[in-house]
Amino acid sequence: MEWNLVEEFLPKVLSGGMSIIWSLACLFIGIKVINILRKLLKGALERSSVDTGVVQFLDELVKWGAYAVLILAILARFGIQTTSFITLLGSAGVAIGLSLQGSLANFAGGILILVLKPFVVGDYISACGCEGTVTEISIFSTTLHSADNRNIIIPNGTLSNSNIIDYSANETRRVDMSVDVAYNSDLKHARKVIEEILDREEKILKEPSYVVAVNELGDSGITILIRPWVKMEDYWEVKWRILEQVHNRLNEEGIDIPFPQMTIHMEKE
């Protein structure tokens with residue numbers, strides 16, 4: 001009796017064991033093949049000078065698609081009807097899609113970003129109340145690296161429907177600065193001092209030429225506008241250096257930089 005049971009169940013056990021071993025081997029080999037295919041795809045796209053964001057997006061799309069095919073192949077080895085399984089997944093996909101409309105919007109937003117290219121990986125942008133350098137454009141979100149070393153992840157659906165400022169879109173950028181001088185100051189002399197500072201700064205572009213002009217007659221002083229043009233990468237360095245030099249030179253020349261003040265007239269009874 002016991003021998004009969006062994007003869008009956010031993011082939012099933014061996015068959016099941018072989019199926020498990022085969023499945024593990026397929027899983028191991030399949031993962032290796034998928035990784036190789038991804039490397040080949042990325043290499044081909046990068047050699048074709050395709051945008052980095054497109055490469056990242058397609059890489060993730062191929063990865064998850066290939067894993068889905070691999071899992072279906074393994075399930076078929078165990079005798080599971082993949083056609084019925086795919087139909088079930090389709091029905092479940094509709095239900096899940098209705099409940100995950102935000103994720104689908106993020107996926108569509110990612111495609112829009114890659115097609116319309118409002119920015120690319122490496123650009124410094126401001127959007128959704130955040131700003132930083134774009135480091136990755138994935139299927140569902142975009143990652144920014146901020147100047148203070150934070151990673152900011154923004155859903156693609158939200159990002160594609162928001163106002164985006166791309167500071168890296170052009171090679172040059174205007175530096176907007178201003179300084180207030182007292183009402184009793186010699187404006188011509190103040191402008192001459194500021195222009196001398198700008199003329200000595202090597203990183204300020206000759207074209208377009210800078211602008212130094214009276215912008216406003218404020219409550220406490222006269223506002224002088226300072227607008228030089230620089231290369232994008234020199235923006236902050238030039239701004240910080242010019243502001244410091246303007247402050248020091250105006251003090252040396254005896255030109256007052258006023259602070260907010262108010263004049264009160266007292267009437268005698």
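Keep in mind the model is a prediction, meaning the values are calculated, not measured. Because only heavy atoms are used, hydrogens play no part in the values below, and waters and symmetry mates are left out as well, while side chains stay in.
Grouping the Ile, Leu, Val, Met, Phe, Trp and Tyr side chains by contacts below 4.5 angstrom, directly or via other members, places Leu225 apart from Val214. Tracing side-chain contacts under 4.5 Å through hydrophobic residues (I, L, V, M, F, W, Y), one reaches Ile204 starting from Val175; they form part of the same cluster. Transitive grouping of hydrophobic side chains (ILVMFWY, heavy atoms separated by less than 4.5 Å) brings Ile194 and Leu217 into a common cluster. The hydrophobic clustering, which links ILVMFWY residues whose side-chain heavy atoms are closer than 4.5 Å, places Val179 and Tyr183 together.
Residue Ala182 comes nearest to Ile222 through the heavy atom pair O-CD1, 4.4 Å, listed as atom of the first residue, atom of the second, then distance. Considering all non-hydrogen atoms of both residues, Met232 and Asn170 come closest at CB-O, 4.0 Å. A pairwise comparison of heavy atoms in Thr223 and Ser178 identifies CG2-CB, 3.8 Å as the closest pair. Across every non-hydrogen atom of Leu159 and Ala127, the tightest pair is CD1-CB, 3.5 Å. Nearest heavy-atom pair across Glu253 and Val193 is CG-CG2, 3.8 Å. Arg174 and Tyr235 get closest at one heavy-atom pair: O-CE1, 3.6 Å.
For the side chain to side chain contact (heavy atoms under 4.5 Å, CB included) with Ile152, the qualifying choice from Thr135, Leu144, Thr142 is Leu144, the only one to do so. Between Ile197 and the choices Leu250, Ile242, Val212, Ile226, the side chain to side chain contact (heavy atoms under 4.5 Å, CB included) rule is met once, by Ile242. The only member of Asp180, Ile257, Ile255 that meets side chain to side chain contact (heavy atoms under 4.5 Å, CB included) when paired with Ser185 is Ile255.
With rounding to the nearest 0.5 angstrom, the CG atom of Asn156 is 9.5 Å from the CZ atom of Phe140. With rounding to the nearest 0.5 Å, the separation of NZ in Lys192 from CG in Asp186 is 10.0 Å. Between the CZ atom in Arg191 and the CG atom in Leu187 there is a gap of 8.5 Å [rounded to 0.5 Å]. Rounding to the nearest 0.5 Å places CD of Glu252 at 10.5 Å from CD of Gln245. Distance check: Ile164 CD1 to Glu131 CD gives 13.5 Å after rounding to the nearest 0.5 Å. Atom-to-atom distance recorded for Asp256:CG and Asn184:CG is 6.0 Å, nearest 0.5 angstrom.
By the neighbour-count criterion of 12 heavy atoms within 6.0 Å, atom CG of Asp199 is densely surrounded, having more than that number from other residues, nucleotides or ligands. For Arg200, the CZ atom sits in a packed shell: over 12 heavy atoms of surrounding residues, nucleotides or ligands are nearer than 6.0 Å.
When only modelled atom types and interatomic distance are considered, Thr143 and Asn151 share no side-chain donor-acceptor pair under 3.5 Å.
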Using the side-chain contact (heavy atoms from CB on, under 4.5 Å) rule, take Ile125 and Ile165 through it: C-alpha gap first, then chi angles, then the decisive distance, then the call. CA-CA 5 Å; Ile125 69 169; Ile165 301 174; over 6 Å; no

Glu171 vs Lys231, side-chain contact (heavy atoms from CB on, under 4.5 Å): CA-CA, chis, key distance, verdict: CA-CA 6 Å; Glu171 294 182 358; Lys231 292 182 178 179; over 6 Å; no

Stepwise side-chain contact (heavy atoms from CB on, under 4.5 Å) test for Val230 and Thr172: CA-CA 6 Å; Val230 298; Thr172 60; over 6 Å; no

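Contact annotation: the side chain of Ser126 approaches that of Tyr167 to within less than 4.5 Å [non-hydrogen atoms, C-beta and beyond]. Put simply, the side chain of Glu195 reaches to within 4.5 Å of the side chain of Tyr210, judged on heavy atoms. Put simply, the side chain of Met177 reaches to within 4.5 Å of the side chain of Pro228, judged on heavy atoms. With a 4.5 Å cut-off on side-chain heavy atoms, Glu244 and Asn248 count as touching.
Here the side chain of Thr133 pairs no donor or acceptor atom with the backbone of Asp123 at under 3.5 angstrom. Judged by distance alone, with hydrogens and angles left aside, the side-chain atoms of Ser168 form a donor-acceptor pair with the main-chain N or O of Tyr124 at under 3.5 Å. Under a 3.5 Å cut-off, the side chain of Ser209 and the backbone N or O of Lys206 do not form any donor-acceptor pair.
Ionic pairing of Glu237 and Lys203 is present here: one or more N-O contacts between side-chain nitrogen and carboxylate oxygen are shorter than 4.0 angstrom.
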